[in-house]
Amino acid sequence: SQQGEEDPQALSIQEGENATMNCSYKTSINNLQWYRQNSGRGLVHLILIRSNEREKHSGRLRVTLDTSKKSSSLLITASRAADTASYFCATDHSGYSTLTFGKGTMLLVSP
Amino acid sequence: NAGVTQTPKFRVLKTGQSMTLLCAQDMNHEYMYWYRQDPGMGLRLIHYSVGEGTTAKGEVPDGYNVSRLKKQNFLLGLESAAPSQTSVYFCASSKVASGSISYNEQFFGPGTRLTVL
């Protein structure tokens, strides 16, 4: 399986703190994407980073990619209670018409 | 635009019953996907379609069938439901496929919660 794995499985922080989630994968990728899932809802795309990029920003989100280590991290700065959700990484591998999703990190941001 | 819609939102079946889940998208996307999500298992791909009239198996296709007769619709069928198929089912669509140099973000529907007794 090429399934990515997120770390940690669960993360609990206070509002205003930063949250860091990691994703590892096994085979080379075209791009890596991060999605958010609020409880009981569908996934929502957050950000995509291509294999030739090392860092990308979008608002309070910062994604890094290290293809030599086959890993990525998602940093959410100045977390808010509304950031409470599950976060999934998804990898795009050559030769496949589909994305491969990890099992997710559950983030709880307490007021 | 409604994006990706799924019907029904909830359903309870008895073992052996059949049902069809409907996914519709109004974004003119070529690619559509059916996933199931179970606690601790993440998202697992059941079937997908790269265009009208074509379908392909994903990671966990057994017990399911699909059809893509119209570009905007992707149907997931359970011919004889089993308790192991109790899950939350998500449909998604994307403009382009994996491996394309273009942006291949997937758009998800709100999900169908299915319980098989």
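Naming convention: chains lettered A, B, ... in sequence-line order (proteins, then strands); numbering from 1 in each chain.
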Extract all donor-acceptor atom pairs below 3.5 Å that involve side chains of residues 72-79 of chain B and protein atoms in other chains or at least two apart in sequence.
{"unit_1": "B/E79", "atom_1": "OE2", "unit_2": "B/N65", "atom_2": "ND2", "d": "3.3"}

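Using a 4.5 Å cut-off between heavy atoms, B/Y35 contacts chain A through its side chain alone, with no backbone atom that close. Contact of A/Q9 with chain B is not made at all, since no heavy-atom distance falls under 4.5 Å. For chain A, the nearby part of B/Q37 is the side chain; its heavy atoms alone come within less than 4.5 Å.
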Intermediate values then yes/no, side-chain contact (heavy atoms from CB on, under 4.5 Å), A/Y35 and B/L43:
CA-CA 12 Å; A/Y35 289 77; B/L43 280 175; over 6 Å; no
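Look at B/K71 and B/E30 and you find a salt bridge, because one of the NZ, NE, NH1 or NH2 atoms lies within 4.0 Å of a carboxylate O, short of that distance.
Relative orientation of the B/F108 and B/F90 rings is perpendicular, given thresholds of 30° and 60° on the angle between their planes.
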